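In what follows, a structure is listed as structure tokens, so that the remarks can point back to it.
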Amino acid sequence: MKVRYLWLGIWWFLIPVAHGQSNDEILWMHPDFPPIFVASGPRMGEGVGDRISRQITAQMPNYRHEKEVANFKRIVETIGTGRQVCAMTLLKNPERAERVSFSKPYMLSPHNSVITFRRLLPKFKPYMDKHGAVSLVALMQQKDLKLGYSLGRSYGKQLDGVVAKHAHTRNSSQTSGSDIFKGLMRMLQYGRVSHTIGYAYEAQYMATKLGFAEPIITLPIQESPDYTKVYVGCPKTPWGATVLKKVNRIIDADRQKPSLYKVYRSWLGPEAWQRYKLATEKFWRAEP
């Protein structure tokens, strides 16, 4: 039994050596996903994930930090191999939890919203609850409102079900191009639809990029949760556990500071920012 434990210890020690890494090196993998990670253009490095990465890694001076761009599937697969790879902006689900160890949640990510022009708000108010959230089911039953949505994108289990059940040619228009959200925002810009669905920060980014001449507004959706917890993910190894222990200490110290969650501010409209700020403060008061 002692020999077995000895070999296990040697095997874990050799994992980083086999991949050319020392124990004090972390490869942070992230997707090219504006405005979370902005890899090019005038706002390069200003994404939500970019800023969070700098805040956390700045408090880990004993590690050498490297970066690599990859899609989420490859990121999770690479972490699952046991390499010294971590990711900053992961959502947690049972499938990922089998391969990835997660930190404490360090912030909330807004969920999908209805996106429309501010001048059209009176048309949506009859279908709002007292919290300002609109019913997507009710909207899709109105003849004078038309939803733009994508066949190639999931909006979450609840919203996907609503769209599948209620969409028809009179109340909606669909796209299937590769640049899905840009196409939908163009449809909104040109008046082909009255509203679409997406993340509030995503909408602000695209509206700015496309040069919208009038302000947009984002409305929470009754049939969808408002926010999702976001985590740091590392491999299920002793090295990964050590990194996450350090990350959790940083989260405990920083999670209620505006400097952490205000990274969303420049990507959200005034109403969406206030909703997000209040929800974040309420969340951390309840989180142990």
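If you're wondering where the values come from, they're calculated on a predicted model, not measured in any experiment.
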Taking [X] for its side chain and [Y] for its backbone only, find out whether a donor-acceptor pair lies under 3.5 Å.
| X | Y | result |
| --- | --- | --- |
| N248 | K245 | no |
| T81 | T78 | yes |
| Y276 | L108 | yes |
| S172 | G148 | no |
| T242 | P238 | yes |
| Q204 | A200 | no |

| Which pairs, with at least one residue in residues 100-139 and sequence neighbours excluded, count as a disulfide bond (SG atoms under 2.5 Å apart)? |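 Sorted pair list comes back empty.
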
| message | Going by disulfide bond (SG atoms under 2.5 Å apart), name the pairs with one or both residues in residues 28-100, residues two or more places apart or in two chains. | response |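 Output for this query lists C86-C234.
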
Non-hydrogen atoms of [X] and [Y] that approach each other most closely:
| X | Y | result |
| --- | --- | --- |
| K236 | A97 | CE-O, 3.0 Å |
| R275 | P220 | CZ-CD, 3.4 Å |
| S109 | V230 | CB-CG2, 3.5 Å |
| I115 | A203 | CD1-CB, 3.5 Å |
| A138 | Y127 | CB-CD2, 4.1 Å |
| F37 | S53 | CE2-OG, 3.8 Å |

Do the side chains of [Y] and [X] get nearer than 4.5 Å, heavy atoms only?
| X | Y | result |
| --- | --- | --- |
| L27 | Q84 | no |
| I26 | V243 | yes |
| V232 | Y106 | yes |
| T196 | Y149 | no |
| V114 | L139 | yes |
| T57 | M88 | yes |
| L147 | M140 | yes |
| H65 | M60 | yes |

| Does the side-chain contact (heavy atoms from CB on, under 4.5 Å) test come out yes or no for R170 and K143, once each step is laid out? | CA-CA 7 Å; R170 297 184 302 279; K143 295 180 181 179; over 6 Å; no

| task | Kindly determine whether Q59 and D254 satisfy side-chain contact (heavy atoms from CB on, under 4.5 Å), including the steps that lead there. | result | CA-CA 11 Å; Q59 299 180 69; D254 289 1; 2.6 Å; yes

| message | Under a 4.0 Å threshold between the charged nitrogen and the carboxylate oxygen, would E68 count as salt-bridged to R74? | response |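 A salt bridge links R74 with E68.
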
Measure the spacing between [atom1] of [X] and [atom2] of [Y] and express it to the nearest 0.5 Å.
| X | Y | atom1 | atom2 | result |
| --- | --- | --- | --- | --- |
| Y205 | M185 | OH | CE | 12.0 Å |
| L90 | F102 | CG | CZ | 5.5 Å |
| L145 | K123 | CG | NZ | 6.5 Å |

Test ring pair (Phe, Tyr, Trp, His ring centres under 6.0 Å) applied to [X] - qualifying residues, sequence neighbours left out:
| X | answer |
| --- | --- |
| F283 | none |
| F212 | F117 |
| Y201 | Y199, Y264 |

| request: Kindly work out whether a path of hydrophobic side-chain contacts (I/L/V/M/F/W/Y, heavy atoms less than 4.5 Å apart) joins I36 to V69. | output: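 Looking at the clustering, V69 is in a separate group from I36.
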
| message | Please determine whether residues L210 and I197 belong to a single hydrophobic cluster, defined as Ile, Leu, Val, Met, Phe, Trp and Tyr linked transitively by side-chain heavy-atom distances below 4.5 Å. | response |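 L210 and I197: one cluster.
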
Run the side chain to side chain contact (heavy atoms under 4.5 Å, CB included) test against [X] and tell me which residues pass, sequence neighbours left out.
| X | result |
| --- | --- |
| Q274 | none |
| R192 | M187, Y190 |
| V137 | S135, Q141, V162, H166, E223 |
| D129 | H131, A133, Q222 |

| said: Could you go through L219 and M128, starting from their C-alpha distance and side-chain angles, then the distance that decides it, and tell me whether this counts as side-chain contact (heavy atoms from CB on, under 4.5 Å)? | reply: CA-CA 9 Å; L219 307 172; M128 290 183 180; 3.8 Å; yes

| said: With side-chain contact (heavy atoms from CB on, under 4.5 Å) as the criterion, how do T89 and V48 come out once you've worked through the C-alpha distance, each side chain's angles and the decisive distance to 0.1 Å? | reply: CA-CA 9 Å; T89 55; V48 172; 5.9 Å; no

| message | Among residues at least two apart in sequence or on other chains, which ones pass salt bridge (Lys or Arg N to Asp or Glu O under 4.0 Å) with K277? | response |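 For K277, the residues satisfying salt bridge (Lys or Arg N to Asp or Glu O under 4.0 Å) (neighbours in sequence not counted) are E281.
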
| message | Going by the rule salt bridge (Lys or Arg N to Asp or Glu O under 4.0 Å), which residues pair with R118 if we only count those two or more places apart in sequence or in a different chain? | response |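 E271.
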
| query | Restricting to pairs with a member in residues 94-103, which pass side chain to side chain donor-acceptor pair (under 3.5 Å), not counting sequence neighbours? | reply |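 Qualifying pairs, neighbours excluded: none.
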
| task | Run the numbers on H111 and Y155 for ring pair (Phe, Tyr, Trp, His ring centres under 6.0 Å), then give the verdict. | result | CA-CA 9 Å; H111 262 250; Y155 298 105; over 10 Å; no

